[in-house]
Each structure stands twice: as structure tokens, then as C-alpha cells.
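Lettering of chains follows the sequences in order, A, B, ..., and the numbering in each one begins at 1.
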Protein chains: 2
Amino acid sequence: MPDIMGRHRAILNEAHCQTCSLSSLCLPLALELEHMDQFDSIIRRRAPLKKGEPLFRQGDVFTSVFAVRSGSLKQVTTEGNGSDQLTNFYLPSELVGLDGINEATYPGSIIALETTTVCEIPFDRLDLLSEQLPELRGQLYRSMSKELREDRRMMRLLSRKTADQRLASFLITLSERFRRRGYSPYSFRLSMSRADIGNYLGLAVETVSRILSRFQSQKVVAVSGREVNVLDMPALIALSEEEEQELNSP
Amino acid sequence: MPDIMGRHRAILNEAHCQTCSLSSLCLPLALELEHMDQFDSIIRRRAPLKKGEPLFRQGDVFTSVFAVRSGSLKQVTTEGNGSDQLTNFYLPSELVGLDGINEATYPGSIIALETTTVCEIPFDRLDLLSEQLPELRGQLYRSMSKELREDRRMMRLLSRKTADQRLASFLITLSERFRRRGYSPYSFRLSMSRADIGNYLGLAVETVSRILSRFQSQKVVAVSGREVNVLDMPALIALSEEEEQELNSP
DNA sequence: CGCTGAATTGAGTCAGTTCAATAAGGGTGG
DNA sequence: CCACCCTTATTGAACTGACTCAATTCAGCG
């Protein structure tokens, strides 16, 4: 029993911003140590989510944003008629739930793609703290602004790019995100299914599968199930950009 | 000369939040009168933009966000290779430039679609004021969050919807935005070209033109150049939703 | 070790594009 | 005010990238 308690305490201890390996990427990145204590004190720990478990569901009352500690999640929005749209993947250090601030409920469900831990940040506390800490406020504005930018890139991808370009862009973006988090940009594991990738990129599963096979036969990547090895990054970048179409320039 | 000065002063006078007809939709919507004075004092007036004139260009240093007073604008992002993507239209009371906070430069150019006036809100001043005024801060968070939501809807449109559904959704969204601003939701003028619409919706100009013609022959709308009359709103709504496709649900 | 969902591969179809040609606006200068 | 030019819009015909349908194969898991 003391053993279990000890381990439990240890887990809670390592779940502090001051000792978190993600602190240089996460929301409190710009904070002084003393301010980080303040920030840390408003955070609520959460039991790890299992694969497939929701962090919250579409329509739940908005109370908090969440920072991903480990694992990954997907955001899924269900339309009236029951068809789903996967609008985002979230990796460690990224902030989940920012699009819920506006309407008091979350606009999509967030589902764990693997065993995943998150830090819960109650938004009213965060807002109050951001009043006192300009650095934190700035970081929050920047996080939202960054997501706006990424959305614009995604719109471009969806409205202009071919299936090949979409897959290549997707792999490059993932690779870059892993790199920034200290993992290999050349060798990683996809936590999402082909169906998820297709849904996210606006492609049929079959198309995703076919194109990954072709990339493999072109020696650009080696794919085995969900393991990906990028063999020729320059070629992949070229694939993501090639033959831009000129769809009525404004 | 006194005449001109007089008129000039009159223009400046009417450009105050307290007397602005948009105040119930705009950023200071939640502010008490005395706080609105404070907000009003940080705003910089701008000479009206002529059609085609840029408010700022992609890559310009980020300094301010802008509230549209009258007219309309488009956001255009140019990729390395010179192809453009139209990522947004802005109508009166909407906030322009929020996606520039993150990286110190604006990620796209903002171009007037017609004669357009805006209020410039220097972001450093806005940030400081938002420290003192929780209502203002909340409104700023909500504005950004709302834009995130709208981006998600746009992604859905681009990855799931047919050309017909896209056009119908576009017209409905415009109609709704006009309605909220006190204009007729059934009769309005498009300030953007067919090419702009196509670029925004990820369609060829020809497709936009063809579908508008078909909607017209179906008596759903009457289109004459840039004048639009919605004849059958329920039908238009049905067109925007019909026959949802089931692209690999997550 | 067998079962069930996930992934791959093939064949045929179609929505929306491209290419092309014509018509309609909308400024501008005489 | 009108004629001209150039941009914008419409319409037609042919083509194609990605989808759907279908049939295996593979992988993870109880």
C-alpha cells in the first residue's frame, strides 16, 4: 500500500510544469519560474486515457483547455446527418479545446488514438491568471493565432492539392512535429488509421493506401503497417509541392 | 476651407465606437460606456481603401488588428510558386489580422473588394487594455475561437461537399451574415468576382458560373451579374446539405 | 488459432477540370 | 455620350483524378 501511494505520488510529481520535458514547447514556455508555479497550481491532472476513449464529446460544456502530455488525439466533428469529419490531430505540448471558448460547448469530440495523458487547464482560472501574466496572455494569443495559420494551410491543402501532394504534406508535417519534440523526423509510428488519415485529408481510404504504396515503390518512404521511414526527404518535399495548379488567381 | 475641415471633423466624429452602428457586433460589444471610451481612444482611423487596394500585404510586420467599418475585403495567401489562395472574406464588424499575432508578420494580404473603411487597433495597446478589461479580453478570445470554428466548417466544406453544396453553403453563409448586420438576407450584392468565389471554394470559375446558372434555372436564386436574389431559401438549405457522403467515418 | 476489422489492390465510373470559344460588362478617353 | 478595349462571365465538349464497388490479404487480439 505505501508502495502504491509512493508510486502515485511520484507520478503526480513528475506531472509538474517545472520538470516537464515539454515545457519549452507548451503554454507556460515564456514564464519565469515563480510564475510557472502559479500556472502549475491551476492545472488539474487526469488519469490516462485509453485508446479510443474520449477526452470530451462534441456538445459538452466548455470548461477547460487541455495540454497533451503524451500520446495523441484526434478531433472529430459529427454533422446532423451522422457523417464525421476529422479536423485535427494533437501531439504532445499542443493545446486542445481552444475552439470551444466561443460558444460555451466544444464543437467536436476529442478521442485518444493511443494511451494518452493530458493536463487540464480550467479556462476561467487560465483567463484570470493571464490577466496578471502578460507573457502567459501573449502565449495564449499566439497559440490561437498559430492554429488559425495552420487552418489556413489546411484549407489550401484541401482546395488546391492533389492526393499525392496531400499525403506528402501530411507526412512532412508529422515528421516536422516529431523533430521539434526531439524524436526522429525520419522514423516514426502513425497513431492513426488509414481511414483517419483519409478522412482528415479529404481522401478515400483506398486512395491513401494506393499512394502510400506508390511512394514506397518510388523509394521515397518505407511503410510497414503504421511504421513509417522517410527514405528521401527532398523527394517527399518535391512531391508535396510539384506542379502547382493555377486555379483562378485573385 | 473651414467647410472641408468641418466635414472632416464630422467624419472623424461618426467614427467612434459609441456612435457606431456596428458596436453590438464588434469587439467592444461587451464593454460599459466608460470602458468603451478607453477602447475608442486606442483606435486609429484610416482613410478609406479603394477597390483593389491592400490594407496590408503578406509578410508585412504585424502591428495591428483591424475592424471592418464598411465595405469588404479578401485575404489572399501567395505560395512560393506564385499561386494564390483566397482564405477569407471580411464584412463589417469582423476582425482582420488575428492570424498575424503568432509570427510577427501577416500570413496573407488583405485586399479591398470595394471602397472600404476600417478601424486600426494597435495590438500592443489592445493587449494592455485587455489586461484591465476582462470583458474585452473575453471578447478577443471569443473572436479568435469563433474564427477557429469557422475554419473547421470551411475544412469540412472543402473536404466533403460537392460543388453544388459548396455554392449553396456559400450563399447561405453570406445571407446570414447580411441578415445579422441588418441587411436583407434575400437580396444582396456580391462584392467578389466569380474567380474569387471559385478560388475560395476550391472550384474552377467555370464550375461556379455553371452552378449559379443551374440554381437560377431551378428557381432557387435569381442572379444577375453580382446581384443575388434568394427565391427559395429552404431549397437552398436543402441543396447545401443533401446526399451527404460517408467518407470513412472515424 | 481462428476471427474480425484494417489494409491493399483492381476495375469501372463520374464530378469537376481543362481547353476553347463566345458574350457581356465596365471603365476610359475622345 | 459613345466607341473601344480589356477584363469578367457564360456555355460547350472532352478528359481525368479520385471515388465507388468488389475481392483478397493482412494483422491484431481474444
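Residue A:S213 has its side chain nearest to C:dT9 when only C:dA7, D:dT8, C:dT9 are considered. Distances from the side chain of B:A204 to the nucleotides D:dA9, C:dT18, C:dG16 place C:dT18 closest. Closest contact between the side chain of B:T207 and the listed nucleotides D:dA18, C:dG16, C:dA7 involves C:dG16.
Here the C1' atom of nucleotide D:dG28 and the CZ atom of A:R189 are 11 Å apart, to the nearest Å. Regarding A:L167, its CG atom lies at a distance of 13 Å from the P atom of C:dA7, rounded to whole Å. Protein atom NZ of A:K161 is 17 Å distant from nucleotide atom C1' of D:dG17, rounded to whole Å. One atom, CZ of B:R226, and another, P of D:dT8, lie 8 Å apart when rounded to the nearest Å. The nearest whole Å value for the distance from the CG atom in B:L158 to the P atom in D:dA18 is 15 Å. Nucleotide D:dA18 holds its C1' atom 9 Å from the CZ atom of A:R166, rounded to whole Å. Computed from coordinates, the B:L201 CG to C:dG16 P distance equals 12 Å when rounded to whole Å. Rounded to an integer number of Å, the gap from CD of B:E206 to P of D:dA14 is 16 Å.
With a 6.0 Å radius and a threshold of 12 heavy atoms from other residues, nucleotides or ligands, B:R180 has its CZ atom at or below the threshold.
Place B:K51 and B:V208 on DNA chain C by their nearest nucleotides, and B:V208 ends up nearer the 5' end.
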Go through the steps for A:D232 and A:K219 under the test salt bridge (charged side-chain N to carboxylate O under 4.0 Å, His left out), then give the verdict.
CA-CA 7 Å; A:D232 188 346; A:K219 310 278 188 228; over 6 Å; no

Run the side-chain contact (heavy atoms from CB on, under 4.5 Å) test on B:L148 and B:M144 for me, step by step, so that the C-alpha distance in whole Å, both residues' side-chain angles and the decisive distance to 0.1 Å come before the verdict.
CA-CA 6 Å; B:L148 285 174; B:M144 299 184 81; 5.8 Å; no

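When the side-chain nitrogen and oxygen atoms of B:S209 are compared with OP1 and OP2 of D:dT10, one or more of them lie within a distance under 4.0 Å.
B:R210 contributes a side-chain N or O that forms a donor-acceptor pair with the base of D:dG12 under 3.5 Å.
Expressed to the nearest 0.5 Å, how far OG1 of A:T162 lies from CD of A:Q165 amounts to 3.5 Å.
The minimum heavy-atom distance between B:L171 and B:F188, with the atom names listed, is O-CZ, 4.1 Å.
Among the protein residues, A:R214 comes within range of no part of the nucleic acid, since none of its heavy atoms lies under 4.0 Å from any strand.
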